[in-house]
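Given the structure is predicted, the values throughout are model-derived calculations rather than measurements.
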Amino acid sequence: MEILSRLSAVDAAKRLLGCELIRTFGDGQARVRIVETEAYDQTDAASHSYNGRTQRTDVMFGPAGHLYVYFTYGMHYCMNVVVGPEHYGAAVLIRAVEPIEGEELLSERRPKQGIDLTNGPAKLCQALGVDKRMNGHDLAKSPLKLELKPQLVDKDITTATRVGISKAADEPWRFYITHNSYISKP
DNA sequence: TGCCTGATGTTCT
DNA sequence: GAACATCAGGCAC
């Protein structure tokens, strides 16, 4: 976990691919694999931290390995993993995950099947039961834990431009696992 | 299959 | 008061 504080947002975005999240519910636990990420840091015009530290972006400037959840478009949550050194505003957006275990628990919270369950940032938050109450949560602890896995080799990682933003949209800071069907927008 | 649009809260100007 | 790191449903092709 501490390794995340030493990585840039881009390196951390690649490092987090293939890692797993373990979500504990009252009635069991679900495990998912991260298959798509996007890097954001304070030098990046598309990042929430670009305009400095505010009440909303406060956790982005906090210690790495915590969860930054924000609300957008009036009805959706998206989750980020805070990375980089403390007081530096960087985070990695989780865009898509692949269920490994407890998929039925996820579809209880999001009544969809197959890739539509978690192939988008707001979708996976709904499926994992993540909302703003989880903002600032430490990912070393239950009920949502991040489990690091060995870093993927470069050939398994595809680089692309980011999605759904208007500023700095050409930066190739989106990463996903090659040949994975859960990607939000290949 | 693919474009268009409505829903709707929070943040910042 | 506008912008927004979105999704789902409707309608046209």
Asker: Mind running salt bridge (Lys or Arg N to Asp or Glu O under 4.0 Å) on A:R33 and A:E20 for me, showing each step along the way?
Answerer: CA-CA 4 Å; A:R33 188 161 77 123; A:E20 296 176 8; over 6 Å; no
Asker: I'd like a list of close polar pairs between nucleotides 10-13 of chain B and the protein, N/O only, cut-off under 3.5 Å.
Answerer:
from	atom 1	to	atom 2	distance (Å)
B:dT10	OP1	A:K132	NZ	3.2
B:dC12	OP1	A:T54	OG1	2.5

Asker: Atom CG of residue position A:D154 - does it have more than 12 heavy atoms of other residues, nucleotides or ligands inside 6.0 Å?
Answerer: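 Count not over threshold, so no.
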Asker: In dot-bracket form, how is DNA chain B paired, counting a Watson-Crick or G-U wobble pair only if both its distances are under 3.5 Å and using | for bases paired to another strand?
Answerer: |||||||.||||.
Asker: Given atom OH of A:Y77 and atom P of C:dT6, what is their separation to the nearest angstrom?
Answerer: 16 Å
Asker: Rounded off to whole Å, could you give me the CG-to-P distance for the A:N119 and C:dA8 pair?
Answerer: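 After rounding, the reported distance stands at 8 Å.
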Asker: Considering every strand and a 4.0 Å limit on heavy-atom distances, what is the contact class for A:R110: base, sugar-phosphate, or nothing?
Answerer: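 Sugar-phosphate, backbone atoms only, no base.
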Asker: With a non-hydrogen cut-off below 4.0 angstrom, is A:A46 in contact with a base, only sugar-phosphate, or nothing?
Answerer: base
Asker: Stepwise, does the side chain to side chain donor-acceptor pair (under 3.5 Å) test hold for A:E38 with A:Y40?
Answerer: CA-CA 7 Å; A:E38 281 181 13; A:Y40 289 89; 2.6 Å; yes
Asker: Ignoring hydrogens and angles, does a donor from either the side chain of A:Y70 or the base of C:dA5 sit under 3.5 Å from an acceptor on the other?
Answerer: yes
Asker: Between A:R133 (CZ) and B:dG9 (P), how many Å, whole number?
Answerer: 17 Å
Asker: Would you call A:M79 and A:Y70 a side-chain contact if the rule is heavy atoms closer than 4.5 Å?
Answerer: no
Asker: Would you say that more than 12 heavy atoms from the other residues, nucleotides or ligands in this model lie under 6.0 Å from the CD of A:Q113, or not?
Answerer: no
Asker: Tell me, yes or no, whether the heavy-atom count around A:F71 atom CZ, taken from other residues, nucleotides or ligands under 6.0 Å, exceeds 12.
Answerer: yes
Asker: Supply the atom-to-atom distance A:L128 CG to A:D131 CG, rounded to the nearest 0.5 angstrom.
Answerer: 11.5 Å
Asker: Hey, could you give me the OG1/CH2 distance between A:T37 and A:W173, rounded to the nearest 0.5 Å?
Answerer: 12.5 Å
Asker: Give the intermediate values and the outcome of salt bridge (Lys or Arg N to Asp or Glu O under 4.0 Å) for residues A:E36 and A:R174.
Answerer: CA-CA 8 Å; A:E36 182 179 358; A:R174 181 162 72 99; 2.5 Å; yes
Asker: Rounded to the nearest angstrom, tell me the gap between atom CG in A:L93 and atom C1' in C:dC4.
Answerer: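 My rounded result for the distance is 14 Å.
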Asker: Measure from the side-chain heavy atoms of A:A122 and tell me the nearest of C:dA8, C:dC4, C:dT6.
Answerer: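 That would be C:dT6.
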Asker: Between C:dC4, C:dT6, B:dA7, which one does the side chain of A:M75 approach most closely?
Answerer: B:dA7
Asker: Looking only at side-chain N and O atoms, does A:K123 come under 4.0 Å of OP1 or OP2 in C:dA8?
Answerer: yes
Asker: Roughly how many Å is it from CG in A:D44 to P in C:dA5, rounded to a whole number?
Answerer: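 In whole Å, C:dA5 P and A:D44 CG are 11 Å from each other.
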Asker: Just the rounded figure in Å: distance from P of C:dG9 to NE2 of A:H76.
Answerer: 11 Å
Asker: Taking the side chain as every heavy atom from C-beta outward, state whether A:V83 and A:L7 have any pair of such atoms under 4.5 Å apart.
Answerer: no
Asker: Pair A:K132, A:Y77 - check side-chain contact (heavy atoms from CB on, under 4.5 Å), show working.
Answerer: CA-CA 7 Å; A:K132 67 178 183 183; A:Y77 294 102; 3.8 Å; yes
Asker: Sort me out a list of protein N/O and nucleotides 1-5 of chain B N/O pairs below 3.5 Å, or just none if empty.
Answerer:
none

Asker: Just so I know, are the side chains of A:K123 and A:T118 near enough to count as touching, which here means a heavy-atom distance under 4.5 Å?
Answerer: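 Heavy-atom side-chain distance check fails, nothing below 4.5 Å.
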Asker: Rounded to the nearest Å, what distance is computed from the CG atom of residue A:D116 to the C1' atom of nucleotide C:dG9?
Answerer: 12 Å
Asker: Write down the distance between CD (A:E171) and P (C:dA5), rounded to a whole number of angstrom.
Answerer: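 Those two atoms, CD and P, are 15 Å apart.
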